[in-house]
Amino acid sequence: NAHGTQTRGSLIVIEGCDRSGKTTQCSLLQENLTSSGYSVKLMKFPDRTTVIGQMINDYLACKQDVDDHAVHLLFSANRWERVSMMLKLLEQGTSLIVDRYAYSGVCYTAAKRGFDMSWCKQPDIGLPRPDTIVYLTLSSEAAAKRGNYGEERYEQTDFQKKVADNFAALTEDSWKVIDADKSIENLQAELLDICKETIKRSSDQPLYKLWT
Ligand code: TMP
């Protein structure tokens, strides 16, 4: 900045149901921002590379059954084990593009019988609060055109509808809700603008804590 002091990076989260194109868009954001000279790191949750992430992976691949409460806490623990690294990078001026975060955690578990949003939020309270949350929406018709769901747990139409309803209920005014039913290029252009605007706006702002 003008004073030559180090400014922090931005925490940008991209959320959405399965098949909304999140992962493709996040990789493109990293490429495009990096080639424009921004310091950016891509992260994704669940992060399947850790020991907890391996447990989550086995659960999702239906290789292992885990109690619904316990798996909810594993997803949350998998975020907490990355917090110190995230804070360090943000402090160093690197912006983080994060593919799914605590909002997925809440909306997916709360789509199960017997769970409410308030219980689901508890373990993620206090995580770094994103500077921007983008929520990619996709109508079930548009989603159907993208082909069949894969083999993983949760990849069924009825369950995804419940997840989408939960996202709609969780959305706060500050969320950027974007219809993902457009070309990869057009969606990318929109997201790129949002990221650049966020990095500019938040560099001298404090980083808050989630749901506090
Ligand atoms: P992925 O397809 O983005 O790797 O996510 C795997 C699945 O895990 C996806 O169906 C969403 C779900 N999920 C949760 O249930 N809780 C969470 O906290 C996260 C991050 C993902």
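Numbering of ligands and ligand atoms starts at 1, following listing order.
- Ligand 1 lies under 4.0 Å from heavy atoms of Asp18, Lys44, Phe45, Pro46, Arg48, Leu60, Phe75, Arg79, Arg100, Ser104, Gly105, Tyr108, Tyr154.
- When the salt bridge (Lys or Arg N to Asp or Glu O under 4.0 Å) test is applied to Glu81, no partner is found at least two apart in sequence or on another chain.
- Among residue pairs with one or both ends in residues 96-107, those qualifying as salt bridge (charged side-chain N to carboxylate O under 4.0 Å, His left out) are Asp18-Arg100, Lys44-Asp99; sequence neighbours excluded.
- Taken to the nearest 0.5 Å, the CZ atom of Phe167 stands 10.5 Å off from the OH atom of Tyr103.
- Leu42 is not listed as a side-chain neighbour of Leu96, based on a closest heavy-atom distance of 4.5 Å or more.
- Residues Gln205 and Thr7 fail the side-chain proximity criterion, which asks for heavy atoms closer than 4.5 Å.
- Residue pairs satisfying the salt bridge (charged side-chain N to carboxylate O under 4.0 Å, His left out) criterion with at least one member in residues 155-181, sequence neighbours excluded, are absent.
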